[in-house]
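Notes to accompany the following structure.
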Amino acid sequence: MRSRRLPSNRYGRFSEDGREFLVTDPRPPRPWVNVIANERVGLVVSHTGSGFSWIDNSQLATVTRWQQDLATDRSGKLLYARDPDDGKVWSLSPAPVWAPLDRAVCRHGIGYTIFETACRGIESRWTLFCDSEDTVELWKLELSNASGRPRRLKIAAFLEWCLGVSPSPRREFGRLFLETWRDPERRAIFARNEMWDVPSARFGHWNMSFPYVGAFASTAPVDAATGDKVAFLGRYGALEAPAALGLEAWREAFGRHEDPIAALRLPVSLASGARIEIGFVLATAASPEETALRIERYGRLEAIDASLARVRDGWERRLSEHRIETPDATLDALVNDWVRYQAISARLWGRCGYYQQSGAFGFRDQLQDSQVWLTIDPERCRRQVRLHAAHQFADGSVYHWWHPLTEQGHVTRMSDDLLWLAFVVGSYVRETGDLSILRDEAPYLDGRATSIEEHVLQAFRRVFGRTSARGIPYIGAGDWNDGLSAMGLEERGESFWLGEFLAGLLSDWAEIAKRSGRPELAQEFAERRARLVESINAHGWDGAWYQRGTLDEGRILGTAGDSVARIFLNTQVWAVLADVAPPDRVKSCLDAVEAHLVTEAGALLLAPAFERPIAEIGYITRYAPGLRENGGVYTHAATWAIAAAAKAKRADLVGRLLAAINPMTKDPELYFAEPYVLPGNVDGPASPHHGRGGWTWYTGSAAWLHRVVAEWVLGVRPEWDGLRLDPCLPPHWDRARAVRPWRGSTWEIDIEIEEARGVEVEVDGKAISGNLIPVPDGPGRRRRVRIRVPPDR
Ligand code: GLC
């Protein structure tokens with residue numbers, strides 16, 4: 001597809017193809033980072049060069065140490081250069097030295113980050129990534145001498161071992177169990193940790209070794225090495241100017257009695273105009289032998305290059321299959337490339353951002369994220385469904401989150417988590433038409449294996465059992481909104497949002513039951529839905545919008561008479577999405593959203609913000625006004641608002657909300673956050689920093705924005721009996737194009753806004769009646785679809 005220029009800002013710009021962001025001024029308002037991962041290992045690296053690495057769990061199994069400090073952002077894995085002829089030192093990314101550099105560009109790309117620097121005639125290019133599958137992080141360093149004279153250099157690489165739970169606040173205790181050793185033959189420093197301080201009963205109290213061994217190695221000869229932080233920094237030294245850099249000989253300190261790091265020094269000679277390459281490998285595996293094997297396998301420049309080529313091909317393949325093209329080049333780059341990369345790399349694989357090192361699977365979170373696979377690799381979504389089903393108890397309840405590796409999970413009385421299983425299975429069936437997922441099996445946490453269908457039905461049963469006399473589900477310790485954590489602790493408070501969500505699921509599952517030969521169940525679900533919709537409309541309508549719920553004591557949340565939290569976004573949006581609201585209420589509640597919640601920064605989650613803690617509502621009220629769920633734009637929910645606006649054919653609102661959420665076009669002085677990925681939240685008007693983005697990368701909005709734009713704005717949406725073509729383009733667009741796989745064919749769909757009598761659809765040159773393409777008989781070739789939509793639709 002055509003490439004068009006993307007906007008730049010004062011701190012950087014996008015590459016021509018939109019797949020790299022170049023930070024050209026190293027002082028943007030916040031660290032702008034990349035989250036690079038495969039299914040097992042990963043790293044976060046900021047534009048300054050700070051960051052950390054993990055294996056299998058970014059919180060419990062952090063390989064290298066880092067201090068979360070977004071204000072200074074200068075800790076992590078670092079590369080230094082020193083010219084022994086004049087003693088000048090600089091780092092090969094801005095941090096930690098912050099020496100004046102003639103050039104300092106950080107290129108965050110899809111699957112890699114590159115630092116390009118030039119300092120005193122030495123040009124460097126440092127590429128960081130992890131292999132597409134293996135448990136190795138690889139660096140490639142290219143150095144060129146443009147100074148016009150021969151040069152000698154000493155390159156020093158530094159990292160600090162964590163090999164355990166992060167952060168490591170009790171470092172003085174933790175380090176007593178760490179051991180490093182040098183392997184000169186492999187040009188490597190190895191490390192292991194004989195005490196893994198995980199909060200899990202399963203492993204005994206402080207009586208388990210960290211189950212991996214780390215090693216850091218270079219491809220080039222090493223002339224000094226140390227495993228002790230003080231030996232490297234000097235007494236009371238600093239990362240900005242490590243004392244060892246000025247010493248001829250380093251104190252070699254390894255073993256079990258030091259402050260464990262890995263520092264390697266490499267001597268480099270460069271004739272005028274010469275260029276060399278050096279590779280580094282950070283390997284982590286189950287034993288010293290397996291780790292050594294990886295050091296050997298990847299400790300050659302050809303192996304590092306081949307690995308990088310595989311990473312690039314992998315992303316190219318993954319992202320090339322489902323594409324959109326619209327008049328807005330920024331939206332295309334965001335939706336096609338960045339948010340899907342964000343959802344897969346940071347949310348599903350790394351489960352990590354710079355603001356949150358999680359490592360855990362959120363029951364509702366990663367299930368929603370896994371929908372990013374639906375069009376391109378549905379099997380992976382199906383696998384995620386089985387994984388989550390295996391974290392459900394036999395009574396239908398589920399862990400709110402659980403940690404892979406330790407399997408430690410959080411039991412709560414949150415009321416919606418379990419239902420996301422029904423939601424995602426429904427999406428899977430709608431996309432693929434494949435009902436066999438219902439017969440996949442997964443065990444309960446406390447019981448035998450059973451079918452996915454039974455897991456879902458058990459979730460429904462549990463929710464049915466937690467319903468008020470008025471027929472509204474209880475909110476318990478919170479629904480999708482985690483912060484409403486106290487409204488229903490006594491199992492009386494109700495959630496109208498959960499009611500709407502459930503109503504939508506009941507229609508999906510009535511359909512699934514019908515298709516899987518269970519007509520009585522279909523009937524039961526249809527009747528339950530009808531009753532639920534009636535109850536919500538009878539009790540939850542406030543006059544101009546839907547209320548949010550009730551507290552245990554009966555007080556209403558989200559009602560016009562209140563001075564704070566008068567209106568909530570989610571109950572308006574899901575009333576539309578789940579077909580709960582009759583047409584007049586659709587109009588009224590979306591008018592209310594426009595009037596009370598839509599800002600230049602996006603749709604607020606609620607307004608006005610809570611000003612003081614209200615214990616009986618929950619911790620949402622404890623956030624400062626305008627922050628996160630408390631009256632900020634919660635991006636995850638803001639993407640749903642776009643879907644509802646599109647469903648209600650409010651093109652103008654769709655346009656406004658899409659523009660508001662797009663990080664690429666923001667003024668970084670006000671917005672602060674990365675221009676290339678979505679933030680979890682943007683401050684609302686009650687904050688003095690209205691419009692400031694935060695909690696970037698680690699947000700469910702990434703997968704959702706892709707789905708909402710593809711299925712609701714472009715309107716190419718799989719339904720039970722076919723592919724619905726139902727666009728609602730922003731008013732200033734005259735066309736859009738989608739290419740997507742569906743049921744074995746690739747569909748190229750061109751949408752044109754043109755005078756027409758209603759929506760007109762042609763498939764392979766032939767007009768069809770209506771706007772639903774029936775399910776094709778079998779897999780096929782490329783299919784061409786043209787849709788004409790009249791401008792007033
Ligand atoms: C966080 C949680 C998510 C929740 C949301 C709203 O993003 O991870 O599960 O739905 O907050 O409270």
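Values in this document were obtained by computation on a predicted structure and should not be read as measured data. Ligands are counted one by one from 1 in listed order, and the atoms in each one are counted from 1 as well.
- The proximity of His636 to ligand 1, defined as any non-hydrogen pair under 4.0 Å, does not occur for either the backbone or the side chain.
- Atoms of ligand 1 found under 4.0 Å from any heavy atom of Arg364 (numbered from 1 in listed order, with element): 3 (C), 4 (C), 9 (O), 10 (O).
- By the neighbour-count criterion of 12 heavy atoms within 6.0 Å, atom CD of Glu491 is densely surrounded, having more than that number from other residues, nucleotides or ligands.
- For the residue pair Leu498 and Tyr474, the shortest heavy atom distance occurs at CD2-O, 3.6 Å.
- Contact annotation: for Asp482 versus ligand 1, heavy atoms closer than 4.0 Å belong to both the backbone and the side chain.
- With a 4.5 Å cut-off on side-chain heavy atoms, Leu605 and Asn570 count as touching.
- In this structure, atom 10 (O) of ligand 1 lies nearest to the protein heavy atom Trp480 O, 2.6 Å.
- At a 4.0 Å cut-off, at least one heavy atom of Tyr634 sits close enough to ligand 1 to count as contact.
- Ligand-side atoms of ligand 1 in range of Glu629: 6 (C), 11 (O), 12 (O), range being under 4.0 angstrom from any heavy atom.
- The minimum heavy-atom distance between Ala648 and Val586, with the atom names listed, is CB-CG1, 3.9 Å.
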Review point. After noting the C-alpha distance and the side-chain angles of Phe525 and Phe460, does the key distance pass the ring pair (Phe, Tyr, Trp, His ring centres under 6.0 Å) rule?
Key: CA-CA 10 Å; Phe525 277 13; Phe460 275 123; 5.0 Å; yes
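- Protein heavy atom nearest atom 8 (O) of ligand 1, with residue, atom name and distance: Asp365 OD2, 2.7 Å.
- Under the ring-ring contact (aromatic ring centres under 6.0 Å, His included) rule, Phe361 has a single partner from Trp401, Trp349, Trp402, which is Trp402.
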